[in-house]
Each structure stands twice: as structure tokens, then as C-alpha cells.
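Only one structure is covered here, and it is reproduced in the block below.
Atoms within each ligand, like the ligands themselves, are counted from 1 in listed order. One-based numbering along the sequence shown.
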Amino acid sequence: MKAERLSREQKGCAVEPIRPRYIIALDQGTTSSRAVLIDRGGTPCAIAHNEFPQIFPQPGWVEHNPIDILTSQLDALTELLDAHDVQPAEVAAIGITNQRETAIVWNRKTGEPVYNAIVWQCRRTTPLMEKLGADPRISAMIAEKTGLVCDPYFSASKIAWILDNVEGARAAAERGELAFGTVDAWLVWKLTQGAVHATDPTNASRTMLYNIHTGAWDDELLELFGIPRSMMPEVRPSASFFGKTSSPGVIEGIPIMGVAGDQQAALFGQGCFNPGDAKCTYGTGCFLLMNTGTHAQLSRNSLITTVAACGPGTSGLRYALEGSVFMGGALVQWLRDELEMIEGGEEAERLAEEAGGTGGVYVVPAFTGLGAPYWDADARGAIFGLTRGTTRAHIVRACLEALAYQVLDLVRAMESDAGMRLDALSVDGGASANAFLMQFQADIMERTLDRPTCRETTALGAAFLAGLACGFWSDESELRALRTSDDVFHPSRDHQWRRERIDGWNEAVARVRTN
Ligand SMILES: Nc1ncnc2c1ncn2[C@@H]1O[C@H](COP(=O)(O)OP(=O)(O)O)[C@@H](O)[C@H]1O
Ligand SMILES: O=P(O)(O)OC[C@H](O)CO
């Protein structure tokens with residue numbers, strides 16, 4: 001027995017270096033920060049997560065405190081390592097993935113943010129973006145260079161707002177004292193103690209300041225928004241070395257080898273490596289992305305062209321078409337927290353099944369305007385078709401159906417742009433757990449949905465990028481083999497069933513639109 005307790009060294013054996021067993025993914029989302037431990041089999045062995053406060057200073061405004069973002073993320077990392085007794089030598093690398101577009105401006109010397117993070121959902125810069133959008137020359141130039149539409153969703157107008165509204169910010173920026181970053185760059189900066197100011201092309205492509213064809217910050221766009229070039233981070237490939245952790249109180253010396261915006265990370269984590277592969281994430285919002293390979297396909301249907309993540313050593317950029325729905329799972333949270341109609345998603349699923357239908361009710365969740373393909377920032381939400389017989393269950397079901405109708409609109413726009421039919425759609429995100437929603441989605445779209453066993457696809461994508469960059473995994477075919485399906489939802493309704501429901505939805509959307 002005693003001998004068993006001797007170390008290999010004591011027994012006279014050569015000491016073998018500990019072989020790294022894990023990649024850690026830091027998944028900094030809109031409502032929570034997660035740290036996920038992922039093994040060679042692509043299995044998330046352990047997860048720690050922390051929610052952090054949402055700040056709503058005025059109707060339509062959304063902010064986060066950048067220090068809350070940081071501490072919730074670092075605490076999750078520490079909790080993960082402590083709870084599972086992971087040694088630094090067992091971790092090959094860290095991959096970071098993040099809520100995108102959210103803009104943070106900080107002082108380079110002190111590392112202090114000059115203002116709260118202005119979150120992607122925030123609509124405060126609607127007037128500026130409407131003004132730019134009304135000029136056809138400017139909106140065409142923006143679309144051509146960035147693949148984006150004139151909307152307050154993207155970072156540029158948020159940075160401009162900070163420079164124009166925080167006392168002394170513009171002068172400090174012009175003196176080169178301020179740095180801008182999306183959340184990935186903020187975390188990299190903090191994790192490396194201010195040694196590295198860098199982002200990746202997937203995040204850069206969400207700022208409206210990055211030319212997605214040349215792969216560089218664009219002077220004409222920087223000038224249009226009045227943003228000094230000195231504020232901008234260096235852009236490094238998504239699967240490459242970003243720096244080593246050296247932040248006090250955090251595991252030291254781990255290389256950060258992967259960075260990608262959360263939706264592009266999920267596309268990668270779903271194994272959508274080839275043109276035509278598509279996924280939809282049902283989180284706070286819903287995000288549909290289709291890989292278009294080396295082709296930066298511009299949309300005729302108001303979708304976005306975005307940079308997709310790719311493995312190390314890929315020459316040139318890879319692209320995706322994207323459509324986003326602002327109110328996805330957030331609609332279920334609204335039912336729970338504001339209307340107090342349900343306890344949570346599971347009850348929503350049960351009620352929707354029990355209701356058997358919506359009794360003619362449609363919910364259009366344009367709480368912060370309508371995203372793709374409508375881009376109507378002024379539209380507001382509505383419930384139609386109420387009668388004396390309408391029940392709580394009808395309204396709950398209509399909310400879940402609204403998620404599916406919004407994704408249907410995106411799929412149609414995407415298929416029209418791509419000139420092809422999506423045979424199957426990979427799904428993930430919190431609300432993909434809802435079997436009613438998934439089946440209704442398959443029925444209304446008449447497409448098969450494939451839900452993977454590992455639903456932490458965002459974290460998995462960041463881990464895959466970091467793992468490929470450091471040689472933990474060898475190539476994409478090895479990663480593809482790690483994916484297994486948990487459930488497949490096949491369409492089971494006829495044309496008439498779909499037509500009636502889609503007509504009702506189209507009519508309801510038409511009634512809230514202002515553009
Ligand atoms: N069973 C369910 N049915 C419907 N919605 C759900 C269910 N479970 C979770 N959700 C929704 O999923 C969202 C959380 O998903 P998640 O992928 O963690 O989001 P995010 O990364 O945007 O924070 C919440 O908005 C929640 O309301
Ligand atoms: O934090 P999520 O998962 O809701 O994703 C937010 C998106 O990146 C916004 O574009």
C-alpha cells in the first residue's frame with residue numbers, strides 16, 4: 001500500500017511531463033460569463049458560470065459594467081479550476097469567445113474603462129445610424145466594405161457616442177490615450193495585464209470599421225465615425241497566439257490561442273466548416289449563420305456578410321451570411337420576469353404542448369425594433385388576435401412560435417441569397433432544449449433540425465480554434481468526428497398547415513412595421 005503512495009520520481013522512474021488534457025474556453029455572453037473545461041474528446045467536462053447585472057439607464061439603452069464582465073469571467077475561471085483541481089500544466093490553451101459588437105473604451109495607462117460597455121442590444125445611436133442610412137452613397141459604401149447594414153447594432157456608432165458624450169474622451173482619444181475593444185479585446189488586455197491589445201477578424205467584422213475584403217481597419221469608415229485609428233486593436237487570426245495569462249489571481253502562463261465572436265465560434269463548434277453548412281443558435285437572441293467559404297457574398301435580402309472563423313494557416317479570410325433576431329430566448333425571460341406567466345422554459349414547453357394551438361394569437365416581439373430581414377429600429381412589439389377565450393397558454397405558445405417565425409424569415413432570406421436550399425440546420429443555444437420549439441421550427445420551415453449532444457457549441461468553437469492552433473487537435477476532420485447528434489427533428493406538416501400560419505405571421509409583422 002505504502003509503495004502505491006510513492007511518486008514515480010521516488011520510485012526511481014523518469015518523470016514524464018504532464019500531458020495537457022484540456023482546453024479552457026471562456027465564453028463571455030450577454031447575460032453570463034462561463035468557463036468550460038473541454039477534453040480531447042470535445043466533451044465539456046465541467047462548467048462554471050456567473051451572471052452579471054444588466055444596466056438599463058433609459059428605455060432602449062443597454063449597458064454592462066466592463067469590470068462586472070471581467071470579474072464574472074475571471075471568477076468563473078477560478079471556480080472551474082478550483083472545483084476540479086486542474087493543474088496549469090494540464091491546460092494546453094485558452095480560447096475566448098464573446099458577445100459581439102458590445103463596445104468598451106478604456107484608458108491605456110490606467111486600464112480603467114471611461115464609460116460602461118454599450119451593449120449590442122442598445123438602440124441609443126438610432127438617430128445617427130438613421131441619418132447615415134438615409135444617404136444612399138454612405139449606406140452603399142458601408143454595405144460594400146463591411147457587409148453590414150446601417151443599424152445601431154454594430155460597434156462604430158457606440159464608440160462615437162462615447163467619444164462625443166464622455167467628458168474629455170475625444171481629446172484623450174486624439175492624444176492616443178484611449179483604447180477600444182469588443183469584449184474579446186478587453187479580456188485579452190486584462191488577462192495579459194495590458195501587454196496585448198488585439199482582436200480577431202470575426203469580432204472586427206462586427207464593428208463597421210473593418211474592411212472585410214482587405215482584412216484591415218478602414219480609414220474612410222474611421223473618419224466617417226470620427227474614431228482615431230490609434231484606438232483600434234491589432235487584428236490577429238482567430239486561431240493564433242494572442243498572449244499568455246499574467247493577470248493577478250488568475251492561472252499564470254497559459255497561452256490564449258483562439259478568439260472568435262460567439263456566433264462564428266458556434267458555427268465552427270458545430271463543425272460547419274464547408275460552404276453551405278449552417279447553424280442557428282437560440283440564445284438571448286437567435287443567430288443564423290451559413291458558411292459561404294472564400295466568397296464574401298453580399299445579401300440582396302438585408303442579411304449581413306460577416307467573417308467566419310477558420311483554422312490556423314488558412315490563407316485569406318472565410319465568410320458567412322448571417323441573420324439575427326434580437327428577441328429570442330429573451331422573450332421567454334420576459335414571460336417569466338415581467339409578465340410572471342411562467343416559471344421558465346420547461347413550463348413554457350409544457351403549456352405550449354397542452355394549448356394545442358394559439359387560438360389565433362400572434363406575438364411580434366419587436367421590443368427593440370426588428371432585425372434582419374426587416375431592419376426596422378422603430379418598430380415595437382405587439383400581440384394580435386386576442387379574444388375573451390385567449391389563455392395564458394395561448395400567449396406562451398405564441399411567444400415560442402414567434403421565435404420560430406423569425407428564424408423562418410431568416411432562412412428564407414438566406415436561401416434566396418445563397419441560391420440554394422438548406423437541407424438541414426444544426427441548432428444549439430439555451431432555447432434549443434425546448435422540444436416543442438424545435439419541432440414547430442422543423443414543421444414551419446419544412447427543414448430537418450439536428451441538435452448536437454454537446455450544446456456548448458460556442459465554447460466548443462473557441463476551444464477548437466485554440467486547440468488547432470496549439471496542436472491539441474490535428475485538423476478539422478478530427479474535430480468533425482467528435483460531433484454526435486442528440487436529436488433530429490423532421491418536418492411533419494403539410495403545405496396547407498404551413499401556409500395558414502405563415503400568412504398570419506406575415507400579416508402581424510406588416511402591422512408593426514414602420515419602414
Ligand atoms: N427550455 C427552454 N425553452 C425556451 N427557452 C429557453 C429554455 N431554456 C433556456 N431558454 C432561453 O435560452 C436563453 C439562454 O440561452 P443561452 O444560450 O444561455 O443564452 P446566451 O448565451 O445568449 O446568454 C434564455 O433567454 C432562456 O430564456
Ligand atoms: O451573448 P449572446 O449569446 O446572446 O450573443 C450575442 C451576439 O454575439 C450579439 O451579436
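- In this structure, atom 8 (N) of ligand 1 lies nearest to the protein heavy atom G430 O, 3.4 Å.
- The closest side-chain heavy-atom distance from E353 to Q439 is not below 4.5 Å.
- Here is the list of ligand 2 atoms found below 4.0 Å of a heavy atom in Q99: 1 (O), 8 (O).
- In this structure, a donor-acceptor pair under 3.5 Å is absent between the side chains of S32 and E51.
- Considering both main-chain and side-chain atoms, R100 comes within under 3.5 Å of ligand 2 through a nitrogen or oxygen pair.
- The closest non-hydrogen atom to atom 6 (C) of ligand 1, taken over C286, A433, A431, G283, comes from A431.
- Aromatic ring orientation, Y405 versus W505: parallel (interplanar angle below 30°, classes split at 30° and 60°).
- Below 4.0 Å from some heavy atom of T31 lie the following atoms of ligand 1, by number and element: 23 (O).
- A donor atom on one side chain and an acceptor atom on the other are found under 3.5 Å apart for D409 and Y374.
- Each of the atoms 1 (O) of ligand 2 lies under 4.0 Å from some heavy atom of G29.
- Atom 2 (C) of ligand 1 has as its closest protein heavy atom G345 CA, 3.4 Å.
- Under a 4.0 angstrom heavy-atom cut-off, S32 registers as lying outside contact with ligand 1.
- In terms of protein heavy-atom proximity, atom 4 (C) of ligand 1 is nearest to N434 ND2, 3.5 Å.
- One option in M438, R34, M327, Q99 has a heavy atom closer to atom 21 (O) of ligand 1 than any other, and that option is R34.
- Ring to ring, F440 and F489 are not that close: their centroids are 6.0 angstrom or more apart.
- Residue E101 has at least one nitrogen or oxygen atom sitting less than 3.5 Å from a nitrogen or oxygen atom of ligand 2, judged on distance alone.
- Residue contacts with ligand 2: D262 is placed with a nitrogen or oxygen under 3.5 Å of a nitrogen or oxygen of the ligand (distance criterion only).
- The distance from the CG atom of D151 to the OG1 atom of T126 is 7.0 Å, given to the nearest 0.5 Å.
- Shortest contact from atom 1 (O) of ligand 2 to any protein heavy atom: T30 OG1, 2.5 Å.
- Remark: R412 does not engage E415 in a salt bridge, criterion side-chain N to carboxylate O under 4.0 Å.
- Between L209 atom CG and I159 atom CD1 the span is 5.0 Å, to the nearest 0.5 Å.
- Ligand 1 places these atoms under 4.0 Å from at least one heavy atom of T284: 19 (O), 20 (P), 22 (O), 23 (O).
- Checked against a 3.5 angstrom limit, the closest N/O atoms of E349 and ligand 1 fall outside it.
- No part of H49 comes within 4.0 Å of ligand 1, judged by heavy-atom distances.
- Between atom NZ of residue K145 and atom OH of residue Y210 there is a gap of 14.0 Å, rounded to the nearest 0.5 Å.
- Residue contacts with ligand 1 include G329, since one or more of its heavy atoms lies under 4.0 Å from the ligand.
- Ligand-side atoms of ligand 1 in range of G429: 17 (O), range being under 4.0 angstrom from any heavy atom.
- Between T30 and ligand 1 there is no heavy-atom distance shorter than 4.0 Å.
- Counting heavy atoms from C-beta outward, L289 and N291 have side chains that stay 4.5 Å or more apart.
- Set against the non-hydrogen atoms of T284, the atoms of ligand 2 under 4.0 Å away are 4 (O).
- For the residue pair T182/R100, the side-chain donor-acceptor check at 3.5 Å is not satisfied.
- Ring planes of H197 and W106: perpendicular class, angle over 60° (limits at 30 and 60°).
- Heavy-atom contacts of Y153 reach the following atoms of ligand 2: 9 (C), 10 (O) (cutoff under 4.0 Å).
- Paired with Q264 under the rule side chain to side chain donor-acceptor pair (under 3.5 Å), one option of T202, T97, T306, N203 passes, and it is T306.
- Atoms of ligand 2 found under 4.0 Å from any heavy atom of Q263 (numbered from 1 in listed order, with element): 3 (O), 5 (O).
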